[in-house]
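One structure is given here, and the rest of the page talks about it.
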Amino acid sequence: MNPPVAPANTSRRARAVEGGCGPVRLAALVLVLVLGAAAPADDPPRYPPDTVLLLVAPWCAPCHAELARLDTIAAAARPRTVRVFMVEDGARAAAMWQRVPAAYRWTPPDGELRRYRTDALARTAGLPFAIATDARGRVCATRGGGLDAARVVALVREC
């Protein structure tokens, strides 16, 4: 048996009750659109200029292997510098960070950690991942997977 057919109620009050775009929802939608529209206008973060930035995390086994080859990767990347960017917090990340020589460590400017992590991680589907920058600190090439001497040379050539 089919249910009875009832005409749709199209009053403003009925739409608000049924989830239509009432005044409160409309104000919330406008607020989201206005705030959301401001985000793309922000400039993307500027990373250290002429750098190969290695994104690492403690749970990433290939990242540990990449860090073991850090001196070789840095030699192959010259004249660019190589820096390591820890994309996670916590005790394991702190322990991993302590094993990275201070000359290779990079942390974003004060108050900008979340912004840089969000930007860097949005560029990749997984770790390890590398970002190469130009003289202005803009991203000019990226590479997924662990780096070795040959892969870092190819990455730098892309810039």
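This is a predicted model, so every value here is computed, not measured. In this chain, numbering begins with 1 at the start of the sequence shown.
Of the residues listed (F85, Y116, W97), the one engaging T107 in a side-chain contact (heavy atoms from CB on, under 4.5 Å) is W97, and it is the only one.
Contact check for L54 versus E66: side-chain heavy atoms found under the 4.5 Å cut-off. Counting only heavy atoms from C-beta outward, the side chains of M86 and V100 never approach each other to under 4.5 Å. Side-chain contact between D71 and Y104 is present, with heavy atoms from C-beta onward closer than 4.5 Å. By the 4.5 Å heavy-atom criterion applied to side chains, T81 and P48 are not counted as neighbours. Side-chain contact between R46 and R138: present, with at least one pair of heavy atoms (C-beta onward) separated by less than 4.5 Å. A 4.5 Å side-chain heavy-atom check between T142 and T124 finds every atom pair outside the cut-off.
No chain of hydrophobic side-chain contacts below 4.5 Å, direct or via other Ile, Leu, Val, Met, Phe, Trp or Tyr residues, connects V84 to V139. The cluster map of Ile, Leu, Val, Met, Phe, Trp and Tyr, joined by side-chain heavy atoms under 4.5 Å apart, puts L70 and W106 in different clusters.
Across R69 and L147, no two heavy atoms sit closer than the pair NH2-O, 2.7 Å. The nearest pair of heavy atoms linking A132 to C159 is CB-SG, 3.5 Å. Taking all atoms of both residues into account, the shortest heavy-atom contact from R83 to T51 is CG-CG2, 3.9 Å. Heavy atoms only, all atoms of each residue included: V82 and A74 are closest at CG2-CA, 3.5 Å. Nearest heavy-atom pair, H64 versus C60, reported as atom, atom and distance to 0.1 Å: CD2-O, 3.2 Å. Across every non-hydrogen atom of R115 and P45, the tightest pair is NH2-N, 3.7 Å.
If you take CD1 on I131 and CG on L55, they are separated by 5.0 Å, rounding to the nearest 0.5 Å.
Put simply, the side chain of R151 gets close to the backbone of G146: a donor and an acceptor are under 3.5 Å apart. The closest donor-acceptor contact from the side chain of R80 to the backbone of T133 lies under 3.5 Å.
A search for side-chain contact (heavy atoms from CB on, under 4.5 Å) contacts involving A57 returns W59, V87, E88, L127, not counting sequence neighbours.
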Discussion item. Before you tell me yes or no, could you show the steps for M96 and V56 under side chain to side chain contact (heavy atoms under 4.5 Å, CB included), namely the whole-Å CA-CA distance, both residues' side-chain angles and the distance that decides it to 0.1 Å?
Written reply: CA-CA 9 Å; M96 183 181 191; V56 299; 4.0 Å; yes
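A salt bridge between D119 and R123 is present, with a side-chain N of the basic residue lying under 4.0 Å from a carboxylate O of the acidic one.
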